[in-house]
Amino acid sequence: MLTRYLLLIAGFVSGICLLQSLASLPVLWPLIATALVCFSLQRKHFIFLLLAVMCCGFSWANWRAQLRMADRLQPALEQQPIEVDGYITDLPQATRFGTRFLFIPESSGQPLPSKLQLQWYGAPDRVKAGERWHFLLKLKQVHGQSNPGSFDLESWFLQQGIGATGTVKSGVLLPEQRAWLHRIRAQLRSKIQQALPGAPYQGVMIALTVGDQGAIPSEQWQRFAATGITHLISISGLHITLLAAIAAGICKACWRRIPYLAARFAAQRAALLAGVFTALCYCLLAGMAVPTQRTLFMLAIAALCLWRAQPSANSAIWAAALCVTVAIDPFAVLSIGFWLSYLTVGALLWAGGRQIGQGAKWQMWISTQAAATIASAPILLVVFGQLPLVSPLANAFAIPIVSVLITPLALLGLLDPFGYLLYAAERLFAGTDYLLQWCSTLPSLAFNMPSALTLIPAGFGVMLLLLPRGVPGRHLGLICCLPLFIPTPNHIAANSYRLTVLDVGQGLAVLVQTAKHQLLFDTGQLPNGERVLLPALRSQSIRQLDALVLSHNDMDHIGAAPPLLKNIPIQTIWHSLPDDHPLFASLHINRQHCQLGKSWVWDGVRFRFIWPDPAYAASTDNARGCSLLIENDQHTALIPADIGIHEEAELINQGLGKIDILLVPHHGSKSSSSLAFVETTTPHYAVFSAGYLNRFGHPKPEITARYAAAQAINLRTDQEGALIFDVDKEIKLSSWRRAHRHYWQQASAAF
């Protein structure tokens with residue numbers, strides 16, 4: 001009976017997962033009809049009931065997805081001035097340029113999505129949670145950069161129910177307020193900021209108490225990620241569960257000692273109510289964020305099963321919580337955190353009845369850490385391509401300190417009018433981070449990012465590895481996990497190259513690979529370092545660069561160089577920057593100026609700088625920009641950075657000929673791509689690296705028309721995502737957005 005129950009839940013969840021993997025949403029009614037037919041045949045065989053349940057999960061997720069996609073901004077309203085009344089929800093976040101916040105429209109002359117993410121440029125802290133405003137907005141459809149190994153921002157927008165993003169042009173504060181819960185959270189955040197002014201871990205205390213992670217510095221985040229404890233720096237499922245367990249334990253102990261209460265209500269049931277109520281209150285402090293809701297559902301279902309006072313298998317409770325979670329929120333399966341939490345808990349339950357719980361407490365703790373590490377390793381390898389060796393060690397001391405000591409202390413500090421408890425919690429975390437800094441110096445294993453299909457044998461392998469010692473065939477689990485570690489062969493042959501134009505928004509970053517060498521031309525703006533460059537390099541198993549070209553001194557071309565230089569070894573930097581540029585301070589890397597005539601050959605592919613000319617009197621940084629020509633025996637590619645019309649004329653005078661792949665100069669601005677340049681190069685592919693609806697209006701319509709008139713195939717990173725050219729005897733092109741299509745993404749332009 002239990003097996004059938006688990007199979008039915010697996011079928012329902014599989015149907016939801018299948019829907020979320022589709023490139024487009026199917027028509028709903030055939031699925032419902034199929035489910036009804038299968039239900040009518042269930043008496044003939046269990047397989048029909050399983051198929052019916054799977055169709056129900058698929059249909060339910062399909063209906064919810066269609067509703068959410070319908071709640072998105074209409075394309076005709078993009079960039080149109082719209083006046084709207086509404087209120088601020090959640091906690092506004094200070095950014096480098098102003099304030100970012102979530103907004104719930106209440107009234108407008110246009111049909112708007114139910115939730116918007118807005119940016120108000122200028123002074124921070126203009127808005128507060130719960131305030132009602134009359135705004136003049138300019139909105140655009142949700143859009144994210146699409147690159148190998150990168151975070152899918154559009155998927156996150158879907159999960160959060162955000163139907164559009166935009167900017168505030170002007171606003172008027174209105175009377176009354178809304179969102180009482182977020183107003184309370186804002187007040188508590190202010191209390192922590194006042195109690196811990198200038199404290200280095202103020203942001204961590206805010207994250208642990210009210211779930212706002214925006215004040216944590218990036219260097220701290222990098223250290224937490226390197227040691228594998230990022231799950232602790234939030235109101236996570238672990239914190240909620242442990243806090244609920246502490247509350248339940250205290251309630252049970254006290255309840256038993258009061259005869260009047262113990263005689264009228266069982267202490268065990270009182271403890272269950274106390275635990276669930278504590279979890280609910282903690283989730284409310286986090287603003288009932290989606291991850292905390294999942295934990296609350298799981299605890300509530302577990303408590304309900306225990307309330308019935310009937311024995312239930314741990315696997316049945318876990319499966320029921322999983323089923324309810326994905327039924328309430330079918331988009332949860334798109335979250336890596338969802339799978340890490342549920343599969344890790346499932347692995348602990350699987351191991352708990354077999355080997356955890358036997359022996360001394362320290363042995364139990366080590367067994368638990370080992371089981372959690374083994375269970376999470378396949379997902380971490382597939383998603384991030386790396387496995388911190390120090391993660392078990394860091395979690396071994398960080399989990400009890402942060403979850404059992406620091407978090408309760410910080411929560412009690414919210415009630416302390418003097419701030420002593422908050423200060424104690426902050427100092428205790430400072431000591432914890434001192435140990436984490438030592439852990440971060442230890443090595444971590446980096447692997448190629450394996451295919452998601454390797455999770456299937458790896459999952460089976462994990463189940464075998466977590467069996468008790470002595471079980472026959474247990475070590476076969478290692479063989480099942482081997483596909484995770486098999487390196488992907490480099491398919492770039494000699495005399496060939498791969499050119500990847502990364503989607504870095506308004507900027508430029510191009511990765512060039514030959515059989516044994518890698519070069520990166522420019523980096524894009526600063527945020528692209530962690531969001532795009534490092535994930536893209538990890539996805540290609542690139543651990544070092546043979547050369548980095550920094551074309552000229554514009555932040556949309558070299559802004560992400562600092563995080564890149566910090567994390568990736570680089571042999572040579574080619575640049576046109578001043579020798580005393582701050583980027584080169586304390587940097588011991590071979591540096592050379594890119595100039596006309598400098599060249600080298602890698603694996604049969606020739607690289608040659610054709611600009612700048614030292615004899616040319618350049619008046620701007622753009623005019624001094626590096627221009628790199630890449631050639632094999634059949635095809636050429638040109639990356640001219642942001643050179644203008646005058647520099648293009650100089651290149652034509654030097655004998656520039658036909659180009660097969662052209663990175664259009666200056667993102668397609670009017671100051672470049674002269675008619676003579678376009679007619680001389682006559683590119684087969686004209687690639688525009690530009691941000692979605694960028695404020696410069698790049699690429700300009702007359703420039704795209706000019707290339708189209710020259711029979712060029714126009715390609716834009718804001719429409720196609722990263723563009724990958726495999727150049728051999730022929731040129732093979734693939735668009736990352738097109739090749740990894742999902743129903744929640746905007747349609748890409750046709751080639």
Side-chain angles (χ1 to χ4, degrees), residues 3 6-7 10 13-14 17 149 225-231 238 314-315 318-319 322 336-360 362-396 398-399 439 442-491 538-543:
T3 302
L6 295 177
L7 285 174
V13 175
S14 298
C17 293
T227 52
I229 64 134
T230 52
H231 62 102
L238 177 62
N314 288 338
S315 58
W318 176 84
L322 175 65
I336 298 301
F338 166 82
W339 292 110
L340 281 174
S341 60
Y342 265 102
L343 293 182
T344 301
V345 171
L348 291 176
L349 293 175
W350 170 260
R354 293 163 174 80
Q355 60 190 76
I356 296 176
Q358 303 174 6
W362 66 269
Q363 292 176 321
M364 293 168 54
W365 183 251
I366 292 176
S367 298
T368 301
Q369 288 299 311
T373 300
I374 292 172
S376 60
I379 298 179
L380 293 175
L381 286 172
V382 169
V383 176
F384 302 109
Q386 56 186 357
L387 185 63
L389 291 177
V390 300
S391 179
L393 174 62
N395 278 278
I399 287 177
C439 289
L442 300 177
S444 63
L445 290 178
F447 302 90
N448 64 302
M449 297 178 73
S451 167
L453 294 177
T454 59
L455 287 175
I456 298 175
F460 183 69
V462 167
M463 294 179 65
L464 290 176
L465 290 173
L466 294 180
L467 288 172
R469 294 179 181 176
V471 174
R474 175 172 176 260
H475 294 293
L476 291 176
L478 293 174
I479 298 177
C480 296
C481 293
L482 280 180
L484 292 169
F485 305 97
I486 297 176
T488 304
N490 187 346
H491 296 296
R538 282 196 295 264
S539 72
Q540 298 295 316
S541 302
I542 296 175
R543 308 304 171 192

[X] [atom1] to [Y] [atom2] distance, which is reported to the nearest 0.5 Å:
{"X": "L464", "Y": "C480", "atom1": "CG", "atom2": "SG", "value": "5.5 Å"}
{"X": "I399", "Y": "I229", "atom1": "CD1", "atom2": "CD1", "value": "9.5 Å"}
{"X": "W339", "Y": "I336", "atom1": "CH2", "atom2": "CD1", "value": "10.0 Å"}
{"X": "C481", "Y": "L455", "atom1": "SG", "atom2": "CG", "value": "10.0 Å"}
{"X": "F460", "Y": "I479", "atom1": "CZ", "atom2": "CD1", "value": "11.5 Å"}

Hey, does F338 have a side-chain heavy atom less than 4.5 Å from the side chain of L322?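 Yes, close enough: below the 4.5 Å cut-off.
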On a heavy-atom basis, which atom in P378 and which in V462 lie closest, and how many Å separate them?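 Result for this residue pair: CG-CG2, 3.9 Å.
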With sequence neighbours left out, write down each residue that passes side-chain contact (heavy atoms from CB on, under 4.5 Å) with L478, or none if nothing qualifies. L465
